Each structure stands twice: as C-alpha cells, then as structure tokens.
**Student:** 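Dumping the structure here so I can ask a few things about it.
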Amino acid sequence: MRISVTIFLTDETITPTRLARELEARGFAGLYLPEHTHIPVERVTPYPAGGELPREYGRTLDPFVALGQAAAVTESLGLGTGITLVAQHDPIDLAKQIATLDHLSGGRFTLGLGFGWNVEEADDHGVEWSTRRELVRDRMALMQALWADEPTAYEGRFGSVRASHAFPKPVQRRTLVGGAAGPKLFSHIVEYADGWLPIGGRGLSESLPVLRAAWSDAGRDPNALQVVPYAVFPNPGKLAHYADLGIEEVVVQLPPAGEGEVLKALDEYARYVGGGGGRV
C-alpha cells in the first residue's frame, strides 16, 4: 500500500521544498495539498468538523505554486490536490495550470477536485451554490476538450471554448473526486473521473460496493476504479481494513505545523511506509 500525505501548508508551516525532499527521502508516495483562496470574516457557513474554523484555513498556500516548488526538488514524489475547488477557477486557466504542472513533473500530478463547503468563499467567486456541482461537471468537460489530442470545441451550460491549440497536454490525467458517499457524487465519479477521495475513509465497507456497482453499470473497467482514503489518521488495523477492501493508496494527515513537529509526525508514520515511494 502506498502512503501519501496531506497538510495545510501555510506561511507559518514547514516549506513545500523542505517537506517534499523529506517525503521522497523517506519513501512516501505523494503530497496532496488543499485549497482555499480566502476565508471571509463573515462566518455564516459552519465548519463541517464542528467548532471554530482552524487558523490554517485562512492562511493556506496556493496549491499549484507550492506543488510546483515540490516538483522542482523531487524526482518521483507524487503531487496532488486535495482538493481543487474547480467552481472557483476559470477553467481555461485551470486547464493550463494542471497541464503545465503535470508536464513539468513528468506526469506526477493528480487532480483531486471537490465542490466546496464554504458558501461565503464560493459566493465571492460568483458561484451559485445550488448549481455548483453542475458547474464543476461543465468545467471538467471544457478542460477535457482543451486536453484532447486534436483541437476540440466545447459548448456547455456555464461556458464554452473554441477548438484550440492548447499545449502542453497532461501526461496522466488522473482525476479523483472528493466528497461524501451518495448517488450524486458517485454519478460524477463514474462520468468524468478515475476514482474517489473519501474524506476520513469512514464507512467504506458499505459505500464501496455501491460505487463499484455504479462504475460497472456504466461500462467502466472494474479494475480501473481508484479509491484513495484521504486525511486519514492511520493505525495498523485501519490500514489492514483498507487493504482488505482492495485499496492501494492512503493519504494520511500531517499537522499544519513547523518543521520539527512535521518531521516528528513523518517519523511516526514511517512505520507504515514499505517498499519505497513512487508516483501517486
């Protein structure tokens, strides 16, 4: 099983380059970074985990810039977002960012995408909350048109692009969708993604068969579905359970802290890393 990590990198934590080097040297498989452009002081949307919103949410580094630094100082470390808030991006610009990072890293990038939870943040980006999932679906289709081998036009409900020359192309085009289990989420995964990023990794014994059935019903290769439990606090029993479910990669949670505390956590997680690293 490949062990990757996620962390809220901020202006107060360990740097992307220092962390990336340490991860690769210790045999971790990948680094996934979250995204929040800003956190409005007007707090209307409750924090999903309950209580006060942690400080790091409003200080998060841009994941693509940070992952670009990580790519520059590593050779095999996987690079991913967990998650990109696609609804809050111009899709033509985002397609270029993704393709450039994947090209420059030699195909090491995974697009983890999601639909968001902070209504105020999305509203500042002009996102209509009730249609955000369809907006993401539309933007994914537009980006896939830009990534096509031949110039391909796209006309959607929320946007369009002319048939265009758009290089570089992503090398691997691996896409995982984050979110809670349910028919709507699973329909998105089946339509335009390669798998699922279940936050926390709870309830997989019940939800995985449902997703696998939807995947097979859509005519997709049963062996191609990827499920990557995300932001997990690991223990041997939990990882053994994931292995029994056929899961090949787990993303464990690091503290949003300085170098000393983060490296200590890596030392604790190192016992779960076996057989070296490798791309995500």
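For this chain, numbers begin at 1 and follow the sequence in order. Given the structure is predicted, the values throughout are model-derived calculations rather than measurements.
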**Student:** With side chains defined as the heavy atoms from C-beta onward, is the minimum distance between Leu204 and Pro229 less than 4.5 Å?
**Tutor:** yes

**Student:** Identify the heavy atoms of Gly51 and Tyr47 that sit nearest to each other, and give their distance.
**Tutor:** O-CB, 3.8 Å

**Student:** Checking one residue: Trp129. Which other hydrophobic residues are in its cluster under the side-chain 4.5 Å linking rule?
**Tutor:** Val119

**Student:** I'd like to check the side-chain contact (heavy atoms from CB on, under 4.5 Å) partners of Asp123; sequence neighbours left out, ordered by chain and number.
**Tutor:** none

**Student:** Taking C-beta and beyond as the side chain, do Arg174 and Gln226 meet within less than 4.5 Å on heavy atoms?
**Tutor:** yes

**Student:** Nearest 0.5 Å please: distance from the OG1 atom of Thr100 over to the CZ atom of Phe64.
**Tutor:** 10.5 Å

**Student:** Can you name the salt bridge (Lys or Arg N to Asp or Glu O under 4.0 Å) partners of Glu120, sequence neighbours left out?
**Tutor:**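 Only Arg43 meet the salt bridge (Lys or Arg N to Asp or Glu O under 4.0 Å) criterion with Glu120.
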
**Student:** Among residues at least two apart in sequence or on other chains, which ones pass salt bridge (Lys or Arg N to Asp or Glu O under 4.0 Å) with Arg26?
**Tutor:** Glu22, Asp267

**Student:** With Glu128, which residues qualify under salt bridge (Lys or Arg N to Asp or Glu O under 4.0 Å), at least two apart?
**Tutor:**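 Residues passing salt bridge (Lys or Arg N to Asp or Glu O under 4.0 Å) with Glu128: none at all.
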
**Student:** Identify whether Tyr192 and Val227 are in the same connected component of the hydrophobic contact network (ILVMFWY, side-chain heavy atoms under 4.5 Å).
**Tutor:**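 Yes, same cluster.
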
**Student:** Using a 3.5 Å distance criterion without hydrogens, assess whether the side chain of Arg139 forms a donor-acceptor pair with backbone atoms of Pro91.
**Tutor:** no

**Student:** Does the side chain of Leu19 come within less than 4.5 Å of Phe28's, by heavy atoms?
**Tutor:**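 Side chain of Phe28 against side chain of Leu19, heavy atoms only: no contact under 4.5 Å found.
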
**Student:** How close do Ser105 and Ala71 get, heavy atom to heavy atom, and via which atoms?
**Tutor:** CB-CB, 4.0 Å

**Student:** Which of these, Val252, Val273, Leu254, sits in a side chain to side chain contact (heavy atoms under 4.5 Å, CB included) with Leu266?
**Tutor:**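 Among Val252, Val273, Leu254, the one that satisfies the side chain to side chain contact (heavy atoms under 4.5 Å, CB included) with Leu266 is Leu254.
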
**Student:** For the atom pair CG (Leu113) and CG (Leu111), what is the distance rounded to the nearest 0.5 Å?
**Tutor:**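 Between atom CG of Leu113 and atom CG of Leu111 there are 5.0 Å.
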
**Student:** Is it the case that the side chain of Trp117 and the backbone of Pro46 share a donor-acceptor pair, with hydrogens and angles ignored and the cut-off at 3.5 Å?
**Tutor:**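 Checked: no pair found.
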
**Student:** Under 4.5 Å between any side-chain heavy atoms of Tyr269 and Ile3, yes or no?
**Tutor:** no

**Student:** Keeping to residues at least two apart or across chains, list the side chain to side chain donor-acceptor pair (under 3.5 Å) pairs with something in residues 146-170.
**Tutor:**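 Qualifying pairs, neighbours excluded: Asp138-Tyr154.
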
**Student:** For a side-chain contact (heavy atoms from CB on, under 4.5 Å) check, start with the C-alpha distance between Glu134 and Phe158, then their side-chain angles and the critical distance, and finish with the verdict.
**Tutor:** CA-CA 9 Å; Glu134 288 308 308; Phe158 298 97; 4.0 Å; yes

**Student:** Got Phe109 and Val171 here, is their nearest side-chain heavy-atom distance under 4.5 Å?
**Tutor:** no

**Student:** Which heavy atom of Val127 sits nearest to which heavy atom of Ala87, and what is that distance?
**Tutor:**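 Looks like CG2-O, 3.4 Å.
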
**Student:** Apply side-chain contact (heavy atoms from CB on, under 4.5 Å) to residues Asp124 and Thr37 and explain how you reach the verdict.
**Tutor:** CA-CA 10 Å; Asp124 283 347; Thr37 54; over 6 Å; no

**Student:** With a 4.5 Å cut-off on side-chain heavy-atom distances among I, L, V, M, F, W and Y, is there a chain of contacts connecting Leu245 to Val250?
**Tutor:** yes

**Student:** Where do Gly30 and Ser4 come nearest, in terms of heavy atoms and distance?
**Tutor:** N-OG, 3.2 Å

**Student:** Same cluster or not: Tyr272 versus Phe233, using hydrophobic residues (I, L, V, M, F, W, Y) connected whenever any side-chain heavy atoms lie under 4.5 Å apart?
**Tutor:** yes

**Student:** Can you tell me how far apart OG1 (Thr110) and CG (Leu31) are? Round to the nearest 0.5 Å.
**Tutor:**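 Here the interatomic distance stands at 11.5 Å.
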
**Student:** Cluster question for you: counting only ILVMFWY and a side-chain heavy-atom cut-off of under 4.5 Å, with indirect links fine, are Leu79 and Val86 together?
**Tutor:** yes

**Student:** Any chance you could lay out the side-chain contact (heavy atoms from CB on, under 4.5 Å) test for Trp196 and Leu211, step after step, and finish with the verdict?
**Tutor:** CA-CA 9 Å; Trp196 181 27; Leu211 173 57; 3.7 Å; yes

**Student:** Taking salt bridge (Lys or Arg N to Asp or Glu O under 4.0 Å) as the test, write out the residues that go with Asp62, two or more places apart.
**Tutor:** none

**Student:** Does Ala213 have any side-chain contact (heavy atoms from CB on, under 4.5 Å) partners at least two apart in sequence or in another chain, and if so, which?
**Tutor:**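 With sequence neighbours excluded, Ala213 shows a side-chain contact (heavy atoms from CB on, under 4.5 Å) to no residue whatsoever.
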
**Student:** Search all heavy atoms of Pro198 against all heavy atoms of Val228 and return the closest pair with its distance.
**Tutor:** CD-O, 3.3 Å

**Student:** Nearest heavy-atom pair of Ala95 and Leu146: which atoms, and what distance?
**Tutor:**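 Ala95 and Leu146 have their closest heavy atoms at CB-CD1, 3.9 Å.
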
**Student:** Could you give the side-chain donor-acceptor pairs of residues 5-16 under 3.5 Å, partners two or more places apart or in another chain?
**Tutor:**
residue	atom	partner	partner atom	Å
Thr6	OG1	Tyr32	O	2.9
Thr6	OG1	Tyr230	OH	2.6
Thr10	OG1	Glu12	N	2.9
Asp11	OD1	Arg59	NE	2.9
Asp11	OD2	Arg59	NH2	2.7
Glu12	OE1	Arg55	NE	3.0
Glu12	OE2	Arg55	NH2	2.6
Thr13	OG1	Thr10	N	3.0
Thr13	OG1	Thr10	O	3.2
Thr15	OG1	Thr17	OG1	3.4
Thr15	OG1	Arg18	N	3.2

**Student:** Is the backbone of Gly112 close enough, under 3.5 Å, to the side chain of Thr81 for a donor and an acceptor to pair up by distance?
**Tutor:** yes

**Student:** Are Met140 and Leu135 connected into the same hydrophobic cluster when the rule is that any two of I, L, V, M, F, W, Y join if their side-chain heavy atoms are below 4.5 Å apart?
**Tutor:** no

**Student:** Test Glu249 against Val251 for side-chain contact (heavy atoms from CB on, under 4.5 Å), laying out the working first.
**Tutor:** CA-CA 7 Å; Glu249 180 187 0; Val251 182; 4.3 Å; yes

**Student:** How many angstroms lie between CZ in Arg108 and CG in Leu101, if you round to the nearest 0.5 Å?
**Tutor:** 8.5 Å

**Student:** Do any pairs count as a side chain to side chain donor-acceptor pair (under 3.5 Å) and have a residue in residues 203-221, sequence neighbours left out, and if so which ones?
**Tutor:**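 Matches after skipping sequence neighbours: Ser205-His241.
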
**Student:** So which pairs with a foot in residues 175-204 pass salt bridge (Lys or Arg N to Asp or Glu O under 4.0 Å), sequence neighbours left out?
**Tutor:**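 Checked against salt bridge (Lys or Arg N to Asp or Glu O under 4.0 Å) - neighbours excluded - the pairs reaching residues 175-204 are Arg137-Glu191.
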
**Student:** Can a donor-acceptor pair be found between the side chains of Asn118 and His36 at a distance below 3.5 Å?
**Tutor:**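 On atom types as modelled, these side chains do not qualify, holding no pair under 3.5 Å.
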
**Student:** With rounding to the nearest 0.5 Å, note down the distance linking OG1 in Thr175 to NE2 in His188.
**Tutor:** 14.0 Å

**Student:** Nearest 0.5 Å, what's the CG-CG distance between Leu33 and Leu61?
**Tutor:**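 Result: 8.0 Å between the selected atoms.
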
**Student:** Sorted by first residue and then second, give each side chain to side chain donor-acceptor pair (under 3.5 Å) pair with at least one member in residues 85-95; sequence neighbours left out.
**Tutor:** Glu35-His89, Gln88-Glu121, Gln88-His125

